[in-house]
Amino acid sequence: MSDSLARKTQPQLDESLLVHLPPFSKLETRQIRAILDQATTRRIEEGAAIFDEGAPAERFYLLLDGYVRVVRLSPTGERITALHIPPGQLLGIARALGRTDYPATAVAAAESIVLSWPTRLWDSFVAEYEGFSTETYAVVGQRLEEMSERIMELATQHVEQRVANSLLRLINQTGRKVAGGIEIDFPITRQDLSEMTGTTLHTVSRLLSGWEKQGLVKSQRKRIMVCDAHALVVLSQP
DNA sequence: CCATTAAGTATAC
DNA sequence: GTATACTTAATGG
């Protein structure tokens with residue numbers, strides 16, 4: 001049950017896991033070894049929560065593989081997806097925001113692997129590891145920018161433009177090149193897209209059906225591929 | 001223009 | 001077979 005026991009049952013983690021990731025790229029092997037030796041690895045299945053909004057922020061995380069969506073619950077129980085996190089990024093960094101609890105729930109959008117550390121180690125990471133705090137600032141700034149961008153969209157753009165923008169962001173951040181276009185790299189439903197854009201799954205379904213007929217996108221259940229990104233860009237402009 | 005309701009088909013477990 | 005994903009039409013704010 002204890003951390004040390006949990007770690008003992010894990011295979012020894014390889015330094016190469018971290019050495020190319022921005023928060024750790026300036027560190028020596030010795031330091032990365034120390035960081036890994038304190039980490040706990042966990043596999044999260046699709047749809048499972050990594051931590052919940054409002055819970056005490058006991059650990060902070062690094063997403064090694066998979067995708068995570070950050071969701072909040074409205075008072076009436078509707079889910080709002082704030083953003084998606086790609087592999088290699090930190091999450092659950094409540095400490096960096098001056099908080100002691102998690103401001104949102106993190107759900108695995110696809111099967112994911114995370115490393116985590118107790119939050120009490122946060123300050124020593126910031127103090128001892130060169131590049132760790134600057135990368136944290138960069139990530140926080142990047143997410144702030146994305147969220148403020150989306151506030152502008154919600155306030156000024158029509159549903160069609162918002163859904164087009166969401167798709168474009170998804171293929172930019174998590175797109176995978178496939179024959180015929182760029183596919184979103186994790187399972188995503190109309191419901192998910194509607195939660196990102198503040199609309200209903202029916203409206204998203206109608207839009208995607210229309211775009212599919214025009215050859216802009218191609219979709220199967222839980223899979224969306226963008227065939228003509230430029231046409232979506234045109235649509236996304238008011 | 002877009003949400004809601006409703007009713008239907010398709011696909012996965 | 002039943003739950004889940006998706007489509008489509010109709011109605012109304």
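Just so it is clear: chains get the letters A, B, ... in the order the sequence lines come, proteins before strands, and each one is counted from 1.
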When rounded to whole Å, the CD to P distance for the pair A:Glu78 and B:dA3 reads 12 Å
OP1, OP2 of C:dT7 versus side-chain N and O of A:Ser209: anything below 4.0 Å? yes
Go through B:dA12, C:dT7, B:dC2 for me and flag the one nearest to the A:His158 side chain. B:dC2
Would you indicate which nucleotide in C:dT7, B:dA3, C:dT4 comes nearest to any side-chain atom of A:Arg190? C:dT7
Distance check: side-chain N/O of A:Ser219 vs OP1/OP2 of C:dC6, anything under 4.0 Å? no
Determine whether the aromatic ring centres of residues A:Tyr61 and A:Trp117 are separated by less than 6.0 angstrom. no
Residue whose nearest DNA chain C nucleotide is more 5′ - A:Arg221 or A:His202: A:Arg221
What is the distance, rounded to the nearest whole Å, between atom CD of A:Glu195 and atom C1' of C:dA5? 14 Å
How many whole angstroms separate atom NZ of A:Lys222 from atom C1' of B:dA12? 9 Å
By the 4.0 Å heavy-atom rule, please label A:Thr189 as base, sugar-phosphate, or nothing. sugar-phosphate
Donor-acceptor pair between A:Ser219 and A:Arg190 side chains, under 3.5 angstrom: yes
From C:dA5, B:dA3, B:dT5, pick the nucleotide closest to the side chain of A:Thr199? B:dA3
Nearest-Å distance for atom pair CZ/C1', residues A:Arg223 and C:dA5: 14 Å
How many Å lie between CD on A:Glu45 and P on B:dC13, as a whole number? 13 Å
Hey, are A:Gln237 and A:Gln157 close enough side-chain-wise for a donor-acceptor pair under 3.5 Å? no
Closest approach to the side chain of A:Thr203, judged atom by atom: which nucleotide of C:dT7, B:dC2, C:dT4 is it? B:dC2
Given atom NZ of A:Lys218 and atom P of C:dT7, what is their separation to the nearest angstrom? 13 Å
Should the side chain of A:Arg206 and the base of C:dT7 be counted as holding a donor-acceptor pair, with the cut-off at 3.5 Å? no
Atom-pair distance (CG on A:Asp192; C1' on C:dC6), nearest Å: 13 Å
More than 12 heavy atoms of other residues, nucleotides or ligands under 6.0 Å from CZ of A:Arg143: is that the case? yes
Just how far, in rounded Å, is C1' of B:dT9 from CG of A:Leu201? 15 Å
Among side-chain atoms of A:Asp52 and A:Tyr102, is any donor-acceptor pair under 3.5 angstrom? no
